[in-house]
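Working notes for the structure below.
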Amino acid sequence: MKILAPPDHHPPAASDPRAVALANDADALALPLDGVERVDLHFPDFTDGRAFSQAFLLRRRRGFQGEIRATGQVLIDQLLQMRRTGFSCAVLSAGVDAADAQRQLDRFPGFYQGDAVQPRPHFAQAT
């Protein structure tokens, strides 16, 4: 997962059809994905997890292969779940240290259960 500081994030331009910002209450299954390379999903508050569901639906049900970027109230303790539900990039909240975020991601290199990125459980993967 790529980690970005707030100054490194540029919201999608209205004139660029390759990047889309999906509203937190929008239906991810209804989003037109033709030509889309990046979808920004917003966490308006750290207790609002609807973007997790949107990311999972985009990856697993829609088969979206592009970048899914987490924006808004992105905290270090949510990064692992973000990665597992399909996010490929996270824009950290202001004041959050990127090195701390990377340590959190490196702490768990794999999981026994399947997820949005690796749907097959660990025991069923070819060795």
Side-chain angles (χ1 to χ4, degrees):
M1 172 181 269
K2 182 167 62 170
I3 303 293
L4 294 176
D8 299 328
H9 169 65
H10 304 289
S15 61
D16 185 2
R18 296 172 298 154
V20 176
L22 186 63
N24 191 267
D25 59 353
D27 182 3
L29 297 176
L31 178 67
L33 292 175
D34 291 339
V36 174
E37 298 172 7
R38 181 181 114 197
V39 177
D40 286 12
L41 301 177
H42 188 68
F43 288 87
D45 190 273
F46 74 94
T47 60
D48 188 336
R50 291 178 284 182
F52 288 116
S53 299
Q54 289 173 319
F56 189 84
L57 289 171
L58 287 170
R59 286 282 185 235
R60 292 291 300 275
R61 300 264 307 269
R62 300 289 306 278
F64 183 67
Q65 297 296 313
E67 179 180 305
I68 299 178
R69 183 176 290 193
T71 65
Q73 292 294 313
V74 176
L75 304 177
I76 290 175
D77 61 346
Q78 298 170 318
L79 291 175
L80 286 171
Q81 188 65 20
M82 286 178 183
R83 182 170 64 186
R84 297 193 73 204
T85 55
F87 285 94
S88 52
C89 181
V91 181
L92 297 176
S93 296
V96 176
D97 183 19
D100 289 341
Q102 190 59 52
R103 276 193 296 280
Q104 177 70 3
L105 288 172
D106 294 343
R107 194 172 287 159
F108 298 95
F111 298 93
Y112 191 74
Q113 308 90 346
D115 56 36
V117 177
Q118 182 56 256
R120 296 185 72 194
H122 180 72
F123 66 85
Q125 296 176 23
T127 56

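Basis for what follows: all heavy atoms, side chains included, without hydrogens, waters or symmetry-related copies.
Cluster annotation: V96 and M1 are assigned to the same hydrophobic cluster (Ile/Leu/Val/Met/Phe/Trp/Tyr, side-chain heavy-atom contacts under 4.5 Å, transitive). Hydrophobic clustering of Ile, Leu, Val, Met, Phe, Trp and Tyr side chains at less than 4.5 Å, counting indirect connections, unites F87 with L80. Using a 4.5 Å cut-off between side-chain heavy atoms of Ile, Leu, Val, Met, Phe, Trp and Tyr, with links allowed through other members, L41 and V20 fall into the same hydrophobic cluster.
Nearest heavy-atom pair across D40 and P11 is OD2-CA, 4.4 Å. Nearest heavy atom pair, residue A21 against residue P12, reads N-CG, 3.8 Å. Contact between R62 and A30 at its shortest, heavy atoms only, is NH1-N, 4.1 Å.
Taken to the nearest 0.5 Å, the CG atom of D27 stands 11.5 Å off from the OG atom of S53. D48 CG to D25 CG: the interatomic distance, rounded to the nearest 0.5 Å, is 9.5 Å. Within the model, atoms OG of S93 and CD1 of I76 stand 9.5 Å from one another, a figure rounded to the nearest 0.5 Å. Considering CD1 of I3 and CG of D8, their distance stands at 11.5 Å, rounded to 0.5 Å. For the atom pair E67 CD and K2 NZ, the distance stands at 4.5 Å (nearest 0.5 Å). Note that CZ of R83 is 9.5 Å distant from CD of Q104, once rounded to the nearest 0.5 Å.
Among L29, V36, I68, the one residue that satisfies the side chain to side chain contact (heavy atoms under 4.5 Å, CB included) test with L58 is I68.
Counting heavy atoms from C-beta on, the side chains of S88 and R59 come closer than 4.5 Å. Contact of the V39 side chain with the Q54 side chain is not registered, since no non-hydrogen atoms from C-beta on lie closer than 4.5 Å. Side-chain contact check for L92 versus L4: every heavy-atom pair is 4.5 Å or farther apart. Residues L79 and V74 form a side-chain contact, since some pair of their non-hydrogen atoms from C-beta on lies under 4.5 Å apart.
No side-chain donor from either of R84 and Q81 sits under 3.5 Å from a side-chain acceptor of the other.
At distances below 3.5 Å, not a single donor-acceptor pair connects side-chain atoms of R69 with backbone N or O atoms of R38.
Using a 30° and 60° split on the angle between ring planes, F43 and F52 fall in the perpendicular class, above 60°.
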